[in-house]
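Structure, as structure tokens:
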Amino acid sequence: MAVTSERKNRRNTYTATRRGTEAPIPRKGGGNRRKSDTKKSAKKKKKRLSLSLPRVSSQGLRRFLRWALGLSIVGFMLFGAVFGMIKAWRFCLTSEYFTIREIAVSGNVQVKTPEVLRICGIEKGENSLAVNVHKAEQELMKNPWIESVNIRRDLPDSFTIQIEERVPLFCARKNDRLYYVSGQGLLIAPVDPRSFRSLPVLELGPGGDEALPLVADFVELFRKAGFPFGFRQVSSLRLSAAKGFELYVENRRLRLTIGLEQWQDNLRRIASVVSDIDKRKETVMVSSIRAADGQVWMTKTQEEQKDETASSRIH
């Protein structure tokens, strides 16, 4: 009986301990893990914050100081140079040595010299360095008569203004107003009675726009063709596709017509005919001459035609 009771006691103790192990035991491992995690993060932060500073040797420090000193010296020198240039420029702008004393203007015919100086703004007594040459040239180019201009500053006290004007060859009527016209057919400026110039009147007939670019070459060749009169004696010039160049010489009561096709040859032929009848003093007997297609036609005056008909009746 005692043995059996001991066995039962042993079983009871085993089962008790076994049951005791199966009972829930509060875990303390989570707190330890959190503490270990915080310790690890603190160590990492310490590692991050503790940056290793570069070691600077005495030789490197000397090089840095030399470089900084040289850069500061260069900066002071540049500042001094700029400051000195500003002071020198202000001195030149106020110095009487650069006062304008002479202004030479050349090439102007239609635009008078006082008008040129007024437009460009250059006056005697001003400082030559204060003049904006480019702006003065731009102001002069706004004048319709001026085709090109060149202003040269001759230090210390003079300027040279060279002007090239547009040369009017004709007068043309537009919008009930008379304008000067260049050899290229461009309107220059309205005709001013104070500066009137007697020029041929240019008219454009049907298709005359096509012949307009030839006008400058036509006038140049006309002057060299050998006519017994100059182009200034021409009263009018009419351009058309059908008849070409039609000129009327008022003091000779003569009309000349030059065809557009091969107009250079036609102009030379008609010039030789006009000079020939002028030498024979028969110009008054001819009212018109036409040159085209390699031929020349002449039309006699009405008085000459009447005389011929009367003489034929007598015979």
### Task
Answer yes or no: is there a side-chain heavy-atom contact under 4.5 Å between Ile188 and Gln110?
no
### Task
Begin from the C-alpha positions of Ile289 and Ile277 and carry the test side chain to side chain contact (heavy atoms under 4.5 Å, CB included) through to its verdict.
CA-CA 11 Å; Ile289 304 174; Ile277 64 175; 3.8 Å; yes
### Query
Within the side chain of Ser128, is there an N or O that forms a donor-acceptor pair under 3.5 Å with the backbone of Pro156?
yes
### Message
Rounded at 0.5 Å granularity, tell me how far CG in Asn150 sits from OG in Ser106.
### Response
9.5 Å
### Query
Can you tell me how far the CD1 atom of Ile119 sits from the CE atom of Met141, to the nearest 0.5 Å?
12.0 Å
#### Entry: Check against side chain to side chain contact (heavy atoms under 4.5 Å, CB included), Leu199 and Val181
CA-CA 10 Å; Leu199 296 172; Val181 183; over 6 Å; no
#### Entry: Pairwise side-chain contact, Tyr248 with Arg253, heavy-atom cut-off 4.5 Å (strictly under)
yes
### Message
Would you call the rings of Phe218 and Phe245 parallel, tilted or perpendicular, taking 30° and 60° as the class edges?
### Response
parallel
### Query
Side chains of Ser275 and Phe227: does their closest heavy-atom pair fall under 4.5 Å?
no
### Task
Look at the aromatic rings of Phe222 and Phe231 and report parallel, tilted or perpendicular, splitting at 30° and 60°.
perpendicular
### side chain to side chain contact (heavy atoms under 4.5 Å, CB included) assessment of Val284 paired with Thr301
CA-CA 8 Å; Val284 293; Thr301 60; over 6 Å; no
### Query
Does a side-chain heavy-atom distance below 4.5 Å link Glu123 with Ile100?
no
### Query
Do Ser182 side-chain atoms and Arg166 backbone N/O form a donor-acceptor pair below 3.5 Å?
no
### Under 3.5 Å donor-acceptor, Ser288 side chain and Arg255 backbone
no
### Query
In Å, rounded to the nearest 0.5 Å, how long is the span from CZ of Phe159 to CD of Glu126?
9.0 Å
### Query
Quick one: does Asp293's side chain have a donor or acceptor within less than 3.5 Å of a partner on Gln295's backbone?
no
### Query
Are any of the side-chain heavy atoms of Leu267 and Gln264 separated by less than 4.5 Å?
no
#### Entry: Other residues, nucleotides, ligands: >12 heavy atoms within 6.0 Å of Arg232 CZ
no
### Message
Tell me whether Asn266 contacts the main-chain N or O of Gly259 through its side chain, where contact means a donor paired with an acceptor under 3.5 Å.
### Response
yes
### Task
Flag the pair Glu139 and Lys135 as a salt bridge only when some basic side-chain nitrogen lies within less than 4.0 angstrom of an acidic carboxylate oxygen.
no
### Message
Return the CG to CZ distance between Leu187 and Phe170, rounded to the nearest 0.5 Å.
### Response
13.0 Å
### Query
In Å, rounded to the nearest 0.5 Å, how long is the span from CG of Leu237 to CG of Leu247?
5.0 Å
### Message
Strictly distance-based, threshold 3.5 Å: is any side-chain N or O of Arg153 a donor or acceptor partner for the main-chain N or O of Val131?
### Response
yes
### Query
Can you tell me if Glu137 uses its side chain to pair, donor with acceptor, with the backbone of Ile151 under 3.5 Å?
yes
### Task
Walk me through it: do Asn108 and Thr113 pass the test side-chain hydrogen bond (donor to acceptor under 3.5 Å, both in side chains)?
CA-CA 7 Å; Asn108 57 320; Thr113 300; 3.2 Å; yes
#### Entry: Salt bridge Lys279-Asp276, side-chain N to carboxylate O under 4.0 Å
no
### Query
If we only count heavy atoms from C-beta on, is the Val109 to Ile163 side-chain gap below 4.5 Å?
no
### Task
Taking the side chain as every heavy atom from C-beta outward, state whether Gln162 and Arg152 have any pair of such atoms under 4.5 Å apart.
yes
### Task
For the pair Leu202 and Leu239, evaluate side chain to side chain contact (heavy atoms under 4.5 Å, CB included) and give the outcome as yes or no after the intermediate values.
CA-CA 8 Å; Leu202 179 65; Leu239 303 178; 4.3 Å; yes
### Message
I'd like to know whether CD of Glu210 has more than 12 heavy-atom contacts from other residues, nucleotides or ligands below 6.0 angstrom.
### Response
no
### Task
Kindly compute the distance separating CD1 (Ile146) from CD (Glu165), expressed to the nearest 0.5 Å.
6.5 Å
### Message
Are Arg238 and Ser240 packed together at the side-chain level, in the sense that at least one heavy-atom pair is separated by less than 4.5 angstrom?
### Response
yes
### Message
Can you confirm whether Glu250 is buried at CD, in the sense that more than 12 heavy atoms of other residues, nucleotides or ligands lie under 6.0 Å from that atom?
### Response
no
